[in-house]
Every structure is written in C-alpha cells, then in structure tokens.
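Report on the following structure.
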Number of protein chains: 2
Amino acid sequence: MMSKTSKELLEQFRIQCKARGLSITPQRTAIYEALIGSEDHPRTEDIYNRVKAAFPDMSIDTVYRTLCLFAEIGFVRLVEGYGEAKRYDPDMECHHHFRCMRCGRILDFKEPRFDALEVPQQFKQTCAVSSIKVVLEGVCEQCLQKSVEP
Amino acid sequence: MMSKTSKELLEQFRIQCKARGLSITPQRTAIYEALIGSEDHPRTEDIYNRVKAAFPDMSIDTVYRTLCLFAEIGFVRLVEGYGEAKRYDPDMECHHHFRCMRCGRILDFKEPRFDALEVPQQFKQTCAVSSIKVVLEGVCEQCLQKSVEP
DNA sequence: TTACTATATAAGAATGATTCTTGTTCAGCA
DNA sequence: TGCTGAACAAGAATCATTCTTATATAGTAA
C-alpha cells in the first residue's frame with residue numbers, strides 16, 4: 001500500500017519534526033511506526049493497544065494528542081466517518097474510500113478517473129480546497145453474506 | 001433547497017410511518033419538521049434545541065432515537081464527518097459536500113458531472129453500494145478571512 | 001367512544017470517546 | 001552536564017450517546 005519504505009517514512013518523520021521544532025520522543029516514534037504499519041484505518045484506541053506492548057505505561061491521552069498533532073501537520077489523515085470514534089489513514093496519496101454502513105469497514109481504492117475530478121469553480125475562487133475525494137457508502141461483501149446465511 | 005414543499009414532505013412522512021407501522025407522535029412530527037427546515041446539517045442537540053420551544057419537556061434521548069430511526073428508514077441522511085457529533089442532512093437528492101476543516105461548516109453543492117460518477121467494477125460485483133458522492137475538504141471563505149485579519 | 005396493548009416517551013443513570021488539569025519527566029540545547 | 005520548555009502519565013472532567021425503567025399514549029378492536 002505504501003509507496004515509500006517505512007525506513008524512508010521514518011526518516012521523513014524525523015526531518016519534519018525537527019523542521020517544526022517538535023521533539024522526537026520514543027512515544028511519538030512508536031505511534032508513528034504503528035500508524036504506518038496499519039492498513040485498517042485504526043481508531044486512537046487501536047493504536048494505543050498496538051503501542052502498549054512496547055510502552056506498557058503510555059497514557060492513552062498521549063495517543064490522542066499525538067494523533068491529533070500528526071493529522072494537523074499532515075503525517076496522517078483523519079478519515080471521514082459517521083459520528084463514531086475518529087479513525088486515521090496513514091496513506092497520504094490520493095485514494096478513495098468505500099465505507100460499509102453496517103460493520104464500519106473502510107476499503108481503500110484507487111481509481112484514476114476519480115483522481116482527475118476538478119474542484120468546482122465556486123470553491124476554487126473562494127475557499128482553500130485541500131482534498132477532493134469520492135466516498136462510496138453501502139454494505140460490504142462480508143455483511144451481505146451474513147444477512148443471507150442465518 | 002428542497003424540491004418538495006414541506007406540506008408534501010409531511011404528507012409523505014405520515015404515509016411512510018403508517019406503511020412501516022410506526023406511530024405518528026407529536027414528537028416525531030416536530031423533529032421531522034425541524035429537520036426539513038434546516039439547511040445547516042444540524043447535530044442532534046441542534047434539533048433538540050429547536051424543538052424544545054414547542055416541547056419544553058422533550059427528552060434529548062427521544063431526539064437521538066428518532067433521528068437514528070429517521071436515518072435508518074431514509075427520511076434523512078447521516079452526514080460524513082470527522083469524529084465529532086453526528087450531523088444529519090434532510091436533502092435526500094444527490095448532492096455533494098464541501099467541509100471546512102477549521103470551523104466544521106458543511107456546504108452543499110450540486111455538480112452534474114459528479115452525479116454521473118460510476119461505481120468501480122470491483123464494488124459493483126461484490127458489495128451493495130447505496131451512494132456515491134464527492135467530498136471536498138478545505139478551509140472556507142469565512143475562516144480564510146479570519147486568519148488574515150487579526 | 002372506550003378500553004386495551006404495544007409502542008413511544010421522559011428521566012436519569014451509565015457508557016464510551018475525548019479533553020483537561022496537574023504534577024513529573026525528559027529531549028534538545030547551552 | 002545542567003537547564004528549560006515541551007511532552008508525558010494519571011486521573012478527573014466533559015461531551016455525545018445509549019441504556020434502564022417506569023409512565024404515557026397512539027392506534028386498534030370492541
């Protein structure tokens with residue numbers, strides 16, 4: 001999924017932190033590593049659980065703060081959702097989402113035709129548009145099967 | 001914004017309720033009316049506040065339950081968001097959203113070119129896709145101005 | 001109209017996600 | 001190597017939402 005190796009990403013992470021005057025702490029590094037190893041659009045608590053093995057007494061508040069910070073400075077993206085817990089996406093390249101409205105699963109997909117969409121004139125002139133993406137809503141394969149079986 | 005009059009919508013609301021065996025209570029009617037009069041993608045609490053004038057002792061739990069029910073049966077849509085409180089959209093016609101990542105404002109827009117997007121083959125075959133829409137993220141006009149002024 | 005019953009509601013407790021507060025620790029620099 | 005502001009841990013507090021329970025009422029059947 002990632003086009004850069006995790007080594008390259010980590011190096012970039014360090015450079016970006018320094019450039020912004022942010023301390024490179026073991027916690028932040030661990031959280032960043034957990035993120036780039038995730039393909040499931042994890043919630044804060046998921047990252048917390050993955051990091052806890054190495055940092056048994058990390059506070060979940062640190063994970064909340066750090067993910068929020070990472071989203072602000074562009075290390076990850078906050079995923080569009082429907083009012084449940086926030087989820088993050090480490091893939092910063094242009095891509096799109098299918099969201100299962102039953103189980104919450106998010107599937108990434110690439111679609112060159114969608115990447116080429118142009119921002120409508122009305123927003124181009126007045127707003128700063130940073131992203132344009134397509135969101136599919138529906139029911140995923142697994143959930144469809146479940147509703148047939150039982 | 002609405003293509004149907006609120007009278008037509010209310011009539012449709014009653015018919016749909018009956019068809020589904022749902023009681024037509026004053027609370028539900030008031031919540032529905034508040035919804036179709038809203039163009040700001042209100043949160044549950046917003047609707048609660050708007051309805052409270054007429055129903056001083058309505059429970060906010062009723063608003064939560066009712067909005068959830070309305071979304072399930074297709075009277076309104078749950079709007080894609082970023083982990084804050086759920087927001088609802090009474091416009092059931094195909095349209096798209098611009099979301100200000102600073103103030104949370106959501107702007108509706110119509111764009112025929114976006115309405116014609118086709119669901120990628122991979123999802124067509126395996127999932128039930130109920131909606132395909134374009135989401136713009138960025139900073140709105142008002143917020144851009146604010147960041148210049150002070 | 002009236003009585004009945006399942007559904008809907010109000011009130012408040014409970015839960016889950018997130019943020020805040022406070023005192024402590026540590027990364028990065030002098 | 002010591003200093004200082006930034007970062008952290010712990011737990012309290014807050015906000016959104018759901019659950020529980022007892023009561024009220026919409027729709028129906030008599």
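Proteins get letters first, then strands, A, B, ... in listed order; numbering begins at 1 in each.
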Protein-nucleotide distance (B/Leu69, atom CG; D/dT18, atom P), rounded to Å
13 Å
On DNA chain C, more 5' by nearest nucleotide between B/Gly21 and A/Leu22 is B/Gly21
Phosphate OP1/OP2 of C/dA10: any B/Gln27 side-chain N/O under 4.0 Å:
yes
A/Ile24 vs A/Lys86, nearer the 5' end of DNA chain C by closest nucleotide:
A/Lys86
Please report, rounded to the nearest Å, how far the P atom of C/dA17 is from the CG atom of A/Leu78.
16 Å
Remember a base hit wins even if backbone is also touched, and classify A/Pro26 as base, sugar-phosphate or nothing at under 4.0 Å, heavy atoms.
sugar-phosphate
Taking the six-membered ring for Trp, are B/Phe114 and A/Phe114 closer than 6.0 Å centroid to centroid?
no
Nearest-Å distance for atom pair OH/C1', residues B/Tyr88 and D/dA16:
11 Å
Return yes if the base of D/dC8 and the side-chain atoms of A/Asp61 contain a donor-acceptor N/O pair under 3.5 Å, otherwise no.
no
Could you tell me whether the phosphate oxygens of C/dA17, OP1 or OP2, come under 4.0 Å of any side-chain nitrogen or oxygen in A/Thr44?
no
When you compare the side chain of A/Asp46 with that of A/Arg87, does any pair of heavy atoms fall below 4.5 Å?
no
Go nucleotide by nucleotide along DNA chain D from the 5' end; which of A/Arg28 and B/Glu45 gets its closest nucleotide reached first?
A/Arg28
How many whole angstroms separate atom OH of A/Tyr48 from atom C1' of C/dG16?
15 Å
In whole angstroms, how far is the P atom of C/dC26 from the CZ atom of A/Phe55?
12 Å
Phosphate OP1/OP2 of D/dT17: any B/Tyr64 side-chain N/O under 4.0 Å:
yes
According to a strict under-4.0 Å criterion, is B/Arg65 in side-chain N/O contact with OP1 or OP2 of C/dT9?
yes
Determine the minimum heavy-atom distance between A/Pro42 and A/Arg50, stating which atoms define it.
CB-NH1, 3.8 Å
Looking across every strand, which nucleic acid part, if any, lies under 4.0 Å from A/Glu84 by heavy atom: base, sugar-phosphate, or nothing?
nothing
Is any side-chain nitrogen or oxygen of A/Thr62 closer than 4.0 Å to OP1 or OP2 of D/dA9?
yes
Taking the side chain of A/Ser23 as heavy atoms from C-beta outward, which of C/dG28, D/dA26, D/dA9 is closest to it?
C/dG28
Kindly assign one of parallel, tilted or perpendicular to the pair B/Tyr32 and B/Phe70, based on the angle between their ring planes and the thresholds 30° and 60°.
perpendicular
If I take atom CE in residue A/Met58 and atom P in nucleotide C/dC26, what distance separates them, rounded to the nearest angstrom?
13 Å
In whole angstrom, give the distance that lies between atom CD of A/Glu72 and atom P of C/dT19.
11 Å
Answer with base, sugar-phosphate or nothing: what part of the nucleic acid does A/Ile60 contact at a heavy-atom distance below 4.0 Å?
nothing
What I want to check is whether the side chains of B/Asp115 and B/His96 have a donor and an acceptor closer together than 3.5 Å.
yes
Calculate the interatomic distance between A/Arg20 atom CZ and D/dA7 atom P; express it in whole Å.
13 Å
Heavy-atom count check: over 12 atoms from other residues, nucleotides or ligands less than 6.0 Å from A/Lys124 NZ?
yes
Have a look at A/Arg43 and say if it touches a base, only the backbone sugar-phosphate, or nothing, with a 4.0 Å heavy-atom cut-off.
sugar-phosphate
